[in-house]
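Report on the following structure.
Throughout, a chain's letter reflects where its sequence line sits, starting with A, and its residues are numbered from 1. Quantities reported herein were computed from a predicted structural model and do not represent experimental measurements.
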Amino acid sequence: MSTRKGSMLLALVLVAVAVTSLGPAPATASSGPVVRLFPTNVLEDIRATTAVAEAMENSLQDIIRRMDMQQQLYKESLCEGADGDQGCERIARQIGATYLQMLDVMSERLPQMEASVASTRDSLERRLRDELGLRTTPTSLQDSLVGQSPTIAAESQPALRGRSGVRLSDRFKQYQELVTTGRNGQSQSLAVVASDIYLDMADASLLIAATRQEIARTALMEQLNQSFGAITPEMAKVVSGVKQILFGEVVGDGPIAAPPNAIGEPDYVSPLAM
Amino acid sequence: MNALLMNALRTFLLLMVAHVLVGCAAEATDACRGQLGGTLDGAMADAESRLAHGCEYEFDRYFGELLTIAEANPDRRNAQHFSEFLLRQAATGAISRRTAEGLYNRYFNIKFVSLQGDYNTCSQTCPVRARVLSAMQTELKDKELGLLRVSSDTASFYRADHLYNEAELVLEATCRACEAGRR
């Protein structure tokens with residue numbers, strides 16, 4: 001039971017880490033206090049998290065590939081449901097051993113990941129509180145979100161937190177690019193980008209912390225499973241989650257259809273408009 | 001005897017005047033009650049005429065009926081018609097300028113009337129974030145009527161919908177950060 005719980009948590013943290021692969025909704029350029037959402041130290045934090053994510057990916061990639069091959073061999077040898085077959089039990093134990101190796105790498109890398117994510121979260125939290133919470137009114141916040149161009153929605157994607165499908169380190173690189181283009185004054189709402197990253201980091205921090213607590217117990221239970229040579233569905237789920245991060249396998253729906261382009265006469269501007 | 005006669009006559013006259021006044025009031029009430037119909041222009045003219053003759057208390061109903069008529073005849077220029085109608089009503093004093101602005105922006109503007117304020121977001125919006133978002137959601141339905149169904153302005157409605165999603169995300173993050181700062 002605890003194996004299942006631990007594996008689920010691990011899957012969750014991987015998904016949480018993959019949560020960073022969502023599409024923050026671009027909006028229009030904004031000015032004023034929003035620009036100060038991404039000072040140099042926040043950018044440095046994001047860069048550092050990118051590096052940590054890359055290192056984690058590199059260390060897990062070979063293990064995942066090996067586990068893939070072992071699982072393929074297990075399937076091709078028609079081992080599913082073949083109880084008592086010594087060859088199948090040997091393959092199952094090999095898969096279990098590789099899985100344990102993956103857990104080892106995860107537990108080794110997670111503290112660094114946790115620290116990096118927490119640092120990004122904390123620095124963004126301070127900026128959001130100071131700039132959007134204390135130095136902005138609801139009216140000016142809305143103005144900054146609306147920006148200047150009324151047709152921007154036609155080119156943008158909706159805010160979709162929790163969407164996976166992009167390699168973790170690539171996702172952080174995307175964040176860096178979003179921030180950089182936003183800082184250069186190009187059609188991105190930094191308020192949205194900052195909020196998106198912050199909420200992702202907050203979620204990921206919680207899940208990483210929970211996973212770190214569980215991972216030792218999970219490993220112990222898997223070691224016990226080794227003696228029975230079992231491949232649990234949880235193991236498969238975790239491996240699938242890791243693969244999503246490493247190889248960027250796209251899951252989920254595409255963006256909602258963009259509205260049709262406005263044609264014809266120019267938009268009417270009422271003297272009553274805000 | 002003469003005094004008695006005079007008193008009776010005076011009472012009779014007063015009753016007559018009262019009767020006429022009550023009758024006029026009832027007639028005016030009837031004139032206010034009728035439903036608006038026909039084209040949007042005609043209905044607006046009818047509403048304006050009634051509002052100018054003591055039916056101000058029926059303004060909300062008239063506005064709703066005008067929206068229903070316009071919904072049946074969607075046109076991109078309808079937003080302008082409503083703006084001009086509201087401006088005229090504000091000018092005649094049937095409604096205040098603030099009410100005119102509120103109604104126009106609620107139905108025909110991308111921005112949300114529900115997300116306004118002069119104090120900082122931490123103190124004004126965060127304590128009532130759920131209520132603000134709920135009000136924005138309701139307002140989005142009104143914008144769906146005004147922008148999409150009355151004005152056929154799909155792009156603006158999608159922009160308003162997108163703005164709602166963005167505001168929800170940004171408020172969630174900002175308010176969480178505000179809360180963390182208080183701990």
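Both the backbone and the side chain of B:Phe112 have a heavy atom closer than 4.5 Å to some heavy atom of chain A.
Taking every heavy atom of both residues into account, B:Cys178 and A:Gly133 meet most closely at SG-CA, 3.9 Å. Closest non-hydrogen pair, B:Asn109 versus A:Met274, comes out as ND2-N, 3.3 Å. When all heavy atoms are compared, the tightest approach of A:Pro138 to B:Thr121 is N-OG1, 3.8 Å.
One distance of note links CD of A:Glu125 with OG1 of B:Thr174; it measures 11.0 Å at 0.5 Å rounding. Rounded to the nearest 0.5 angstrom, B:Glu168 CD and A:Ser195 OG are separated by 11.5 Å.
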| Please walk me through it: do A:Thr137 and B:Gln124 pass side-chain contact (heavy atoms from CB on, under 4.5 Å)? | CA-CA 8 Å; A:Thr137 66; B:Gln124 185 167 6; 5.7 Å; no
| request: Report the C-alpha distance between A:Leu141 and B:Leu171 in whole Å, list the side-chain angles of each, state the deciding distance to 0.1 Å, and finish with yes or no for side-chain contact (heavy atoms from CB on, under 4.5 Å). | output: CA-CA 9 Å; A:Leu141 179 63; B:Leu171 283 179; 4.0 Å; yes
| task | Decide yes or no on side-chain contact (heavy atoms from CB on, under 4.5 Å) for A:Gln142 and B:Gln116, but give the supporting numbers first. | result | CA-CA 8 Å; A:Gln142 181 168 213; B:Gln116 296 283 311; 3.3 Å; yes
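Dense packing is recorded around CD of B:Gln80, with more than 12 heavy atoms of other residues, nucleotides or ligands lying under 6.0 Å away.
Screening A:Leu128, A:Leu132, A:Thr136 for a side chain to side chain contact (heavy atoms under 4.5 Å, CB included) with B:Val170, the sole residue that qualifies is A:Leu132.
Between the side chain of A:Thr139 and the backbone N or O of B:Gly117 there is at least one donor-acceptor pair closer than 3.5 Å. A side-chain donor-acceptor contact under 3.5 Å links B:Asn105 to the backbone of A:Leu272.
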